[in-house]
Amino acid sequence: QVQLVESGGGLVQTGGSLRLSCTASGRTFSSYAMGWFRQAPGKEREFVAAIDWNGGRTSYADSVKGRFTISRDNAKNSVDLQLNSLKPEDTAVYYCAADVRGGYITPSSPSDYHYWGQGTQVTVSS
């Protein structure tokens, strides 16, 4: 069983920045691919970013490329998402997720992930 806990959400103005963190339980975190997703009210959960087991590969949704950066620290069992140049359309609940298949993968479909955190709210005011 893997437990994921997100933190770092909040209210920020357009153009501002936030850093989200996700801490995982379990000794095999370093073998997991990790992803961030978001869900706005009335919309489906959408892919934001993913990182492979050792941080060598990353992928991003087109809507966040150049603004968001995903990183991980396997020694701390954590994966972060740096959000810069935030826009009102970035407002959503952000979730981290773990794909236990491991390997050099950066999956973008929610169905590829096995464990999810509870989410953290990000609100960007205009």
Side-chain angles (χ1 to χ4, degrees):
Q1 189 73 12
V2 177
Q3 290 187 325
L4 304 173
V5 179
E6 302 97 335
S7 62
L11 173 64
V12 64
Q13 291 185 336
T14 296
S17 297
L18 284 173
R19 189 172 185 89
L20 307 183
S21 292
C22 173
T23 302
S25 64
R27 293 179 292 177
T28 54
F29 169 83
S30 61
S31 67
Y32 303 156
M34 297 295 296
W36 284 95
F37 291 77
R38 66 186 181 186
Q39 189 166 17
K43 294 188 177 182
E44 293 187 352
R45 192 166 298 190
E46 66 172 357
F47 171 73
V48 175
I51 189 166
D52 72 353
W53 71 281
N54 70 348
R57 297 186 181 187
T58 59
S59 64
Y60 297 92
D62 288 343
S63 59
V64 307
K65 277 182 183 176
R67 299 189 298 122
F68 292 6
T69 303
I70 189 171
S71 61
R72 68 188 296 160
D73 185 339
N74 286 343
K76 297 182 178 179
N77 276 18
S78 67
V79 58
D80 290 352
L81 186 68
Q82 178 68 39
L83 290 64
N84 295 331
S85 303
L86 281 161
K87 305 174 182 180
E89 51 263 45
D90 294 319
T91 295
V93 177
Y94 283 71
Y95 299 88
C96 74
D99 180 341
V100 303
R101 293 174 296 168
Y104 299 95
I105 58 173
T106 56
S108 60
S109 171
S111 62
D112 288 325
Y113 289 83
H114 305 87
Y115 298 100
W116 292 84
Q118 298 281 61
T120 185
Q121 176 71 46
V122 171
T123 303
V124 184
S125 63
S126 57

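Predicted model, so just to flag it, every value in this text is computed and none were measured.
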Quick one: list whatever passes side-chain contact (heavy atoms from CB on, under 4.5 Å) with [X], sequence neighbours left out.
{"X": "S31", "answer": "T28"}
{"X": "S63", "answer": "R38, A61"}
{"X": "D112", "answer": "D99, R101, P107, S109"}

- Pair T23-N77, side-chain donor/acceptor within less than 3.5 Å: no

- Query: Tell me, which pairs form a salt bridge (charged side-chain N to carboxylate O under 4.0 Å, His left out) where one or both residues lie in residues 14-26, sequence neighbours left out?
  - Reply: R19-D80

- Message: Applying salt bridge (charged side-chain N to carboxylate O under 4.0 Å, His left out) as the test, list every pair that has at least one member in residues 57-67; sequence neighbours left out.
- Response: D62-K65, R67-D90

- Quick one: which residue pairs count as a disulfide (SG to SG under 2.5 Å) with a foot in residues 9-126, not counting sequence neighbours? C22-C96

Who passes side chain to side chain donor-acceptor pair (under 3.5 Å) against [X], sequence neighbours left out?
{"X": "Q39", "answer": "R45"}
{"X": "S59", "answer": "T106"}
{"X": "T14", "answer": "none"}
{"X": "K43", "answer": "none"}

- Query: Counting only N and O atoms by type, is there a donor-acceptor contact under 3.5 Å from the side chain of T120 to the main-chain atoms of S7?
  - Reply: no

- Would you say R72's side chain and D52's backbone share a donor-acceptor pair under 3.5 angstrom? yes

- Remaining members of the apolar cluster that contains V5, side-chain heavy atoms under 4.5 Å: none

- V93: hydrophobic cluster co-members (side-chain, 4.5 Å): F37, F47, Y95, Y113, W116

- Report, as yes or no, whether the 6.0 Å neighbourhood of atom CD on Q118 holds more than 12 heavy atoms from other residues, nucleotides or ligands. no

